[in-house]
*Asks:* 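I'd like to ask some things about the structure below.
The basis for the numbers below is simple: all heavy atoms, side chains too, and nothing from hydrogens, waters or symmetry mates.
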Amino acid sequence: QYHSKKPRVANIAAHARQSIDKEQTRKMTKLYPMLFILAFSIVNAFSSTLTPIPTPTSIAPLSQTQTQTHHNYERIRNHHSPSALAASILVSDGDNFEEFDDSYSKDEMPVGDSGDNPKLSLASAIFNLVKAQVGSGVFALPAGVAAFGDVPAALVPATFLLCLLGLLSAYAFNMIPRLTRLNGVDNKTKIKSMSAAWEDEVGKSSSWIISMCCFLTPLGTTLTFSIILKDILGALAKSAGVTGVFSSKHTLLLGVTAAVLYPLCNLKSLASLAPVSMIGVLGTIATCVIMIARALPNSPYFQAGSAFLNSIPVASRPSFGVIGNNAFSPQILVLVAMVATSLLAHFSSHEFCNDLENNSPKRFAKLTAYSFSTTILINILVMSAGFLTFGGAAQSMVLNNYSPFDVGATFSRLVVAVSLVGSFPILFGAMKSAFFELTRKGKVVSDRFNKLTTQGFVGLLTLGGLLLEDAGLVVSLNGAVMGSFIIYAFPSIIFLKMTSRLVAEGKLESSKRLLLERLFNKSLVGIGGLIAVFGAAVILGLI
């Protein structure tokens with residue numbers, strides 16, 4: 001047994017060391033590769049079957065003139081949309097970043113041929129998609145497990161849940177290009193964004209819902225960045241031996257925001273920030289390796305009286321065997337919400353498909369399977385390593401648990417800080433674009449209004465970062481509400497509307513396969529709604 005039958009002693013570090021059994025740790029270590037292989041096989045097999053449902057060949061293809069007109073119209077409509085902006089920023093490499101000028105209205109946005117951008121190989125597209133998914137939210141996953149358990153056995157349901165939700169998320173991601181191809185178009189036709197598909201099938205009157213999600217999602221993410229950056233800056237200052245006013249994490253956040261973040265948020269071109277995404281991915285991998293090393297039985301975090309343990313608060317030290325494994329409690333919804341955040345890239349799905357070389361349905365399904373499998377593996381490793389080290393004491397940003405004198409953890413904090421600083425203006429731009437879409441749709445945005453908007457939101461986010469302490473609350477709430485709708489509800493609603501219309505028009509055969517998939521999508525809409533309502537209630541302490 002991991003937890004001792006004796007009463008819990010005051011020295012939590014000594015209790016944690018007594019609680020760890022090397023033989024069972026080795027068994028758990030062997031379990032994760034098998035779980036990953038299982039998850040990969042399921043995602044790959046399932047995604048491979050998701051080729052578009054055959055449509056009658058009698059549907060007339062668009063002429064060359066009609067196709068070009070359609071491409072230009074889509075570029076005008078999607079270029080200024082918040083989802084397209086976020087996607088183009090997240091997906092593009094350094095040479096492909098576009099300069100975004102908020103002074104253009106939607107009707108004045110310059111039109112160009114999207115085919116000018118070079119296509120990506122499958123390997124490059126996989127890296128870009130993993131890059132878009134893996135972020136600071138992955139470091140909240142250990143706290144998601146700690147919400148319902150503090151024994152290593154809690155990782156079994158947590159890992160299963162992560163794989164299951166990853167499978168559903170991969171299905172929804174692969175669904176979005178299918179929504180365009182269900183209309184009978186060929187592989188050369190540009191894939192519509194989720195917002196454009198919503199307007200076509202559900203209606204323009206409700207398109208504000210998509211714009212609102214495009215606004216609230218990056219708003220919550222940038223607020224999380226401010227909270228995490230504050231904690232990391234404080235830990236780095238302590239590691240460097242800084243004293244006085246500059247050792248305060250609040251002072252450091254104000255200084256970095258004024259000197260770095262605000263000027264970056266005023267940039268019109270974000271091309272110079274492209275290398276930061278590479279730092280973020282490599283830094284996450286390096287941090288994962290360091291965390292695994294700290295989770296081994298001979299780790300200094302399991303040695304009573306070690307310098308590492310003595311340098312961190314008692315509440316942050318390893319704690320196991322107090323509440324056990326409550327996987328069937330409502331608290332597991334905290335982890336469900338965090339997983340949604342760690343797998344969220346669905347507004348970019350159409351961009352990934354359009355940028356993929358030879359973007360046939362089968363090839364895009366491979367991109368989805370390989371990328372989501374890699375992301376799931378990284379999430380499992382970080383979640384497991386952080387939880388096996390600190391158990392029920394895992395904080396919402398697990399890097400806060402590690403000692404300021406831990407060189408490896410200090411390196412991880414530094415890399416994550418650089419990644420956050422570079423990613424903040426990218427998501428801030430997507431948020432601001434969505435705000436203009438909601439408030440100034442079809443109108444010219446003046447430079448003065450643009451600058452005032454930047455100042456207002458930077459100030460608001462900084463104030464939130466100063467006042468709020470729990471980044472996990474923002475991550476989980478954002479995932480519970482926004483992530484649930486974007487991943488599970490929106491693509492399924494569009495699919496149900498579209499297939500119903502195509503069947504009524506005689507352009508799609510009402511087969512048994514279609515009926516089963518429609519039933520499955522109705523279930524996804526229900527799942528998304530339940531997670532959003534009950535997940536938010538649990539996170540806010542209402543349940």
*Asks:* Any non-hydrogen side-chain atom of Leu223 less than 4.5 Å from a side-chain atom of Asn478?
*Replies:*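 No, their side chains stay 4.5 Å or more apart.
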*Asks:* Taking atom types as modelled, find out whether Thr454 and Lys432 have a side-chain donor-acceptor pair closer than 3.5 angstrom.
*Replies:* yes
*Asks:* Name the residue from Thr284, Val289, Ile290, Ile232 that meets the side-chain contact (heavy atoms from CB on, under 4.5 Å) definition with Ser412.
*Replies:* Ile290
*Asks:* Side chain of His346, backbone of Ser169: donor and acceptor closer than 3.5 Å?
*Replies:* yes
*Asks:* Sub-3.5 Å donor-acceptor pair from the side chain of Lys230 to the main-chain atoms of Gly465, do we have one?
*Replies:* yes
*Asks:* Short question: side chain of Ser373, backbone of Tyr370 - any donor-acceptor pair under 3.5 Å?
*Replies:*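 Pair absent, no side-chain N/O of Ser373 close to backbone of Tyr370.
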*Asks:* Hey, does the side chain of Ser121 reach the backbone of Ser124 with a donor-acceptor pair shorter than 3.5 angstrom?
*Replies:* yes
*Asks:* Tell me if a side-chain donor or acceptor on Ser239 pairs with a main-chain N or O of Pro404 at a distance below 3.5 Å.
*Replies:*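 Yes.
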*Asks:* Would you say Thr222's side chain and Leu219's backbone share a donor-acceptor pair under 3.5 angstrom?
*Replies:* yes
*Asks:* Who passes salt bridge (Lys or Arg N to Asp or Glu O under 4.0 Å) against Lys249, sequence neighbours left out?
*Replies:* Asp231, Glu469
*Asks:* Do side-chain atoms of Ser484 reach the backbone of Ala480 as a donor and acceptor pair under 3.5 angstrom?
*Replies:*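 Flag set: sc Ser484 to bb Ala480 pair under 3.5 Å.
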*Asks:* Could you walk me through whether Leu540 and Leu477 pass the side chain to side chain contact (heavy atoms under 4.5 Å, CB included) test, one step at a time?
*Replies:* CA-CA 8 Å; Leu540 295 175; Leu477 191 60; 4.3 Å; yes
*Asks:* With ring pair (Phe, Tyr, Trp, His ring centres under 6.0 Å) as the rule and sequence neighbours excluded, what pairs involving residues 464-490 come up?
*Replies:* Trp198-Phe490
*Asks:* I'd like to know if the side chain of Thr368 and the backbone of Ala170 have a donor-acceptor N/O pair within less than 3.5 Å.
*Replies:*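 Judged by distance alone, no pair lies under 3.5 Å.
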*Asks:* Sequence neighbours left out, what passes ring pair (Phe, Tyr, Trp, His ring centres under 6.0 Å) with Tyr402? Give chain and number order.
*Replies:* Tyr301, Phe390
*Asks:* Please check this pair: side chain of Asp150 against backbone of Gly391, looking for a donor-acceptor N/O pair closer than 3.5 Å.
*Replies:*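 Here the side-chain-to-backbone pair does not exist.
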*Asks:* Is it true that a side-chain atom of Thr224 and a backbone atom of Val474 form a donor plus acceptor pair closer than 3.5 Å?
*Replies:* no
*Asks:* Do Leu414 and Thr410 come close enough that some side-chain heavy atom pair is under 4.5 Å?
*Replies:*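 Not touching, per the 4.5 Å side-chain cut-off.
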*Asks:* Less than 4.5 Å apart, side chain to side chain, heavy atoms only: is that true for Phe139 and Val416?
*Replies:* yes
*Asks:* Fit a plane to each ring of Phe457 and Phe435, take the angle between them on a 0 to 90° scale, and name the class: parallel (under 30°), tilted (30 to 60°) or perpendicular (over 60°).
*Replies:* perpendicular
*Asks:* Between the side chains of Asp470 and Ser396, is a donor N or O closer than 3.5 angstrom to an acceptor N or O?
*Replies:* yes
*Asks:* Would you indicate whether the side-chain heavy atoms of Cys163 and Ile380 approach each other to under 4.5 Å?
*Replies:*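 SC-SC contact between Ile380 and Cys163 confirmed.
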